[in-house]
Visitor: 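Let me begin by handing over the structure; questions about it come next.
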Amino acid sequence: MLRKVNRRLLVLLLSALVPAALGAQERGSVTGSLESNSIYYLEDAVIGSPEHPWGSNNYLKLDYAAGGFGAGLQAEWYPQALAGYPAELKGAGLTGLYLSWNGRLVEATAGSFFEQLGSGLLLRTWEDRELGLNNALTGGRFAFHTANRGLTLKLLGGLPKYGLWPTRGTALVGGDLSLDLLPLFGRESEHSIVVEGSVVDKFTTRVEDNIAFLASAGGFSVPSSRLSWSGRLQYSYGGFSLKGEYVGKGKDFYTEHLRHSREAYRLKGGNAQLVELNYAAGSFSGTVTFRRLENMTDRIFLTASSVSPANTLNYLPSLCMQQTYMLAGLNPYVTYADGEAGFQGDLYYTFRRGTALGGRYGMKLHVGGSWIEALPFALPDRDVHYLAYRDINIDLERTWSRKLKTILFVSIQENSPTHGNGKRTDAQNVFVLDALYRFSRTVSLRTELQYLYSQELTRDWMAGLVELSFAPHWSISASDMYNHGGTKVHYYNIGASYSWNALNVSLNAGRTREGMVCSGGVCRWQPAFKGVSLRAQWSF
């Protein structure tokens, strides 16, 4: 009963934003979510403690829809942001507010919105709460498409959000045009050819004093306008598809790294190339991606200090497998946007049921890898460059019976701490056995055994996880990572979670290792801590 009353109150609250043209008879619907993530940090003489004794990140999101009309808001509250999150996340703010209209051929939004042009190399605004990133634009967006979707046009402009509020010194305007050539000319075919282009102009009215001083010392001034663009081509036929993209970035302030830790400053443009091949037929599928980056860092505002992932306007994920196992993701690769080139490939094959290798329930095989090198001009030692990162990943998933399923995973990684400026690399080999056993329809046990072998960094690690689930409500888990080859430190965690309809509450306690936390190939730095965390999520 209380839930119904809350829904009615929310509908009445947001329906005040509905134009009178909708009429009183169409009340619409409200959806939303409430999330709170808090950690109480404990003193730890071995790994140290964060500066503040506690942290809490809180989010409220509401969306209203009635016919083609929509409205919504997002509010955030950081009485003290969690350790490792941007310092700008402090206090409370109404961080998103929008009105939208979605007609048969036209879409329009006023207020806060997210947008991605192409693969995101030119522009991507999105929210990722694991990273503390929300660079939504506050302004306006208009989109038009023909009835057969052969032509799509977008126009947008606004102020990017950093912290809790839109920036005052940076604004963007841009457009995007997409032509699906065959439907545009009324032709039906199994082939598809799509040509796309985008343009974005970034305006800067405020420059940090230290950036202005460095630019003046270099004999130039930071331009108040920077025009960038991209061209894209997509072709597909049957199970085959090809995508290509070229991005040209206008000249901007650039820090050039020289020998002996010296730096020089100048204006420099950037560019990026991306090619992606995909093929699928029957039990087989594969994908290969080639990418080259040159000075493709795009920040909301220029700064000479360390850059938070929240201060970004485009999407440059690491061109390698996004690891989910504890030890495989211990030392992730971070994109070197000043200059790198490489490829990533993945092959998938399903051994069908009833075959010699597939057995009664089938088996899945994945083999993938990547190779990335830094470009010589982006390094102090310009006469030579070496490997920046490479990996080979193999995972074999086998269902043995209705009760037992296993995954065998192997990851061979080699990572340069200097992005290829020198011959040194740190190698590690990771082995994982992941097993799931179902005692009944509601009770299951998942276990992980992991081992990392390395002669560099902190040398060998071992890890284990046990997770017992009682569907559909309860789950309890315990895990430990132990650096037996170096520091002899345990990173243990115990936790429990409860789910009921759209409500999920989890409680965890233990140690977290210092290092990079990655989401979608983008990473932020996380300090080591010991603490008790409480997370609650409710969707309605």
Side-chain angles (χ1 to χ4, degrees), residues 288-293 316-347 365-376 378-381 384-396 407-434 448-465 479-491 512-518 521-526 528:
V288 179
T289 302
F290 302 88
R291 189 182 70 183
R292 180 184 180 276
L293 304 175
L316 304 176
S318 302
L319 191 63
C320 55
M321 182 176 180
Q322 311 307 312
Q323 303 288 355
T324 57
Y325 290 111
M326 292 180 285
L327 297 186
L330 203 63
N331 301 294
Y333 178 75
V334 179
T335 299
Y336 187 50
D338 279 3
E340 71 170 32
F343 75 91
Q344 178 184 6
D346 293 278
L347 302 176
L365 172 66
H366 164 244
V367 179
S370 60
W371 185 287
I372 304 170
E373 290 190 358
L375 300 178
L379 299 171
D381 299 330
V384 67
H385 61 108
Y386 296 98
L387 175 71
Y389 182 81
R390 61 99 180 170
D391 67 1
I392 300 173
N393 304 286
I394 303 172
D395 54 275
L396 189 65
I407 299 174
L408 179 63
F409 177 75
V410 178
S411 181
I412 302 170
Q413 305 172 8
E414 193 170 355
N415 197 339
S416 167
T418 58
H419 285 99
N421 187 51
K423 209 168 184 178
R424 177 194 165 188
T425 57
D426 299 319
Q428 58 185 32
N429 303 322
V430 182
F431 307 90
V432 180
L433 176 61
D434 184 342
E448 293 179 13
L449 296 176
Q450 305 181 30
Y451 194 89
L452 183 153
Y453 169 75
S454 176
Q455 295 183 352
E456 287 88 26
L457 297 174
T458 48
R459 303 178 67 86
D460 291 11
W461 289 72
M462 61 176 63
L465 177 144
S479 66
D480 186 25
M481 295 194 311
Y482 176 51
N483 182 210
H484 71 93
T487 64
K488 308 297 183 181
V489 175
H490 286 273
Y491 295 91
T512 296
R513 175 184 175 268
E514 178 185 42
M516 303 300 291
V517 174
C518 302
V522 181
C523 306
R524 67 170 175 86
W525 183 257
Q526 171 70 64

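Owing to the predicted nature of the structure, the values given are computational and were not obtained by experimental measurement.
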Visitor: When the ring planes of Tyr325 and Phe409 are compared, do they come out parallel, tilted or perpendicular, using 30° and 60° as the limits?
Guide: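 If you compare the ring of Tyr325 with that of Phe409, the planes turn out tilted.
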Visitor: Taking Gln450 for the side chain and Val430 for the main chain, is one N or O donor matched with an acceptor at less than 3.5 Å?
Guide: no
Visitor: Can you give me the closest heavy-atom contact between Ala374 and Ala388, atom names plus distance?
Guide: N-CB, 3.9 Å
Visitor: To the nearest 0.5 Å, tell me how far Gln455 CD sits from Asp426 CG.
Guide: 11.5 Å
Visitor: Just by distance, no angles: are the side chains of Tyr451 and Asp460 close enough, under 3.5 Å, to form a donor-acceptor pair?
Guide: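 Checked: Tyr451/Asp460 side chains pair up, N/O donor to acceptor below 3.5 Å.
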Visitor: Measure the CH2-CG distance between Trp461 and Leu452 for me, rounded to the nearest 0.5 Å.
Guide: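 Trp461 CH2 to Leu452 CG: 8.5 Å, rounded to 0.5 Å.
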Visitor: With a 3.5 Å distance limit and no angle check, can you tell me whether Tyr336 reaches the backbone of Ala378 through a side-chain donor-acceptor pair?
Guide: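 It does hold such a pair.
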Visitor: Between Gln323 and Asn393, do the side chains contain an N or O donor and an N or O acceptor separated by less than 3.5 Å?
Guide: yes
Visitor: Not counting sequence neighbours, which residues clear side-chain contact (heavy atoms from CB on, under 4.5 Å) with Ala337? List them please.
Guide: Thr297, Leu316
Visitor: Within the side chain of Gln322, is there an N or O that forms a donor-acceptor pair under 3.5 Å with the backbone of Gly521?
Guide: yes
Visitor: Using side-chain heavy atoms (C-beta onward) and a distance below 4.5 Å, is Leu330 in contact with Arg513?
Guide: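 A side-chain contact exists here, since the closest heavy-atom pair is under 4.5 Å.
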Visitor: Output the distance between atom CG (Leu457) and atom OG1 (Thr487), rounded to the nearest 0.5 Å.
Guide: 12.0 Å
Visitor: Taking Gln344 for its side chain and Ser370 for its backbone only, find out whether a donor-acceptor pair lies under 3.5 Å.
Guide: no
Visitor: Compare all side-chain heavy atoms of Phe431 with those of Leu327 and state whether any distance is below 4.5 angstrom.
Guide: no
Visitor: Among Glu340, Glu414, Arg390, find the residue that satisfies the side-chain hydrogen bond (donor to acceptor under 3.5 Å, both in side chains) test when tested with Tyr333.
Guide: Glu340
Visitor: Using modelled atom types only, decide if a donor and an acceptor are shared between the side chain of Thr512 and the backbone of Ala528 within a distance under 3.5 Å.
Guide: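 Checked: no pair found.
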Visitor: Do side-chain atoms of Thr425 reach the backbone of Ser416 as a donor and acceptor pair under 3.5 angstrom?
Guide: no
Visitor: In terms of the angle between their ring planes, are Phe343 and Phe290 parallel, tilted or perpendicular, with boundaries placed at 30° and 60°?
Guide: tilted
Visitor: How many angstroms lie between CE in Met321 and CG in Asp395, if you round to the nearest 0.5 Å?
Guide: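 Met321 CE to Asp395 CG: 5.5 Å, rounded to 0.5 Å.
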Visitor: side-chain contact (heavy atoms from CB on, under 4.5 Å) for Ile394 and Leu396? Distances and angles first, verdict last.
Guide: CA-CA 7 Å; Ile394 303 172; Leu396 189 65; 5.7 Å; no
Visitor: Checking side-chain contact (heavy atoms from CB on, under 4.5 Å) for the pair Arg292/Leu375: CA distance, chi angles, key distance, verdict?
Guide: CA-CA 9 Å; Arg292 180 184 180 276; Leu375 300 178; 3.8 Å; yes
Visitor: Measure the shortest side-chain to side-chain distance between Thr289 and Leu319 over non-hydrogen atoms and say whether it is less than 4.5 angstrom.
Guide: yes
Visitor: What's the spacing between Asp391 CG and Ile412 CD1 if we round to 0.5 Å?
Guide: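 So the gap between those two atoms works out to 9.5 Å.
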Visitor: What I want to check is whether the side chains of Gln413 and Asn331 have a donor and an acceptor closer together than 3.5 Å.
Guide: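 Checked: Gln413/Asn331 side chains show no N/O donor-acceptor pair below 3.5 Å.
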Visitor: About how many Å separate CE of Met462 and CE of Met326, when rounded to the nearest 0.5 Å?
Guide: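 Going from the CE atom of Met326 to the CE atom of Met462 covers 12.5 Å.
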Visitor: Under a 4.5 Å cut-off applied to non-hydrogen side-chain atoms, are Pro380 and Asn421 in contact?
Guide: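 Yes; the side chains approach each other to less than 4.5 Å.
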Visitor: Is the backbone of Tyr491 close enough, under 3.5 Å, to the side chain of Asp480 for a donor and an acceptor to pair up by distance?
Guide: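 Between the backbone of Tyr491 and the side chain of Asp480 there is a qualifying donor-acceptor contact (under 3.5 Å).
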Visitor: Hey, is the main chain of Gly339 close enough, under 3.5 Å, to the side chain of His419 for a donor-acceptor pair?
Guide: no
Visitor: Does the pair Trp525 and Met516 meet the rule for a side-chain contact (heavy atoms from CB on, under 4.5 Å), with working shown?
Guide: CA-CA 5 Å; Trp525 183 257; Met516 303 300 291; 3.2 Å; yes
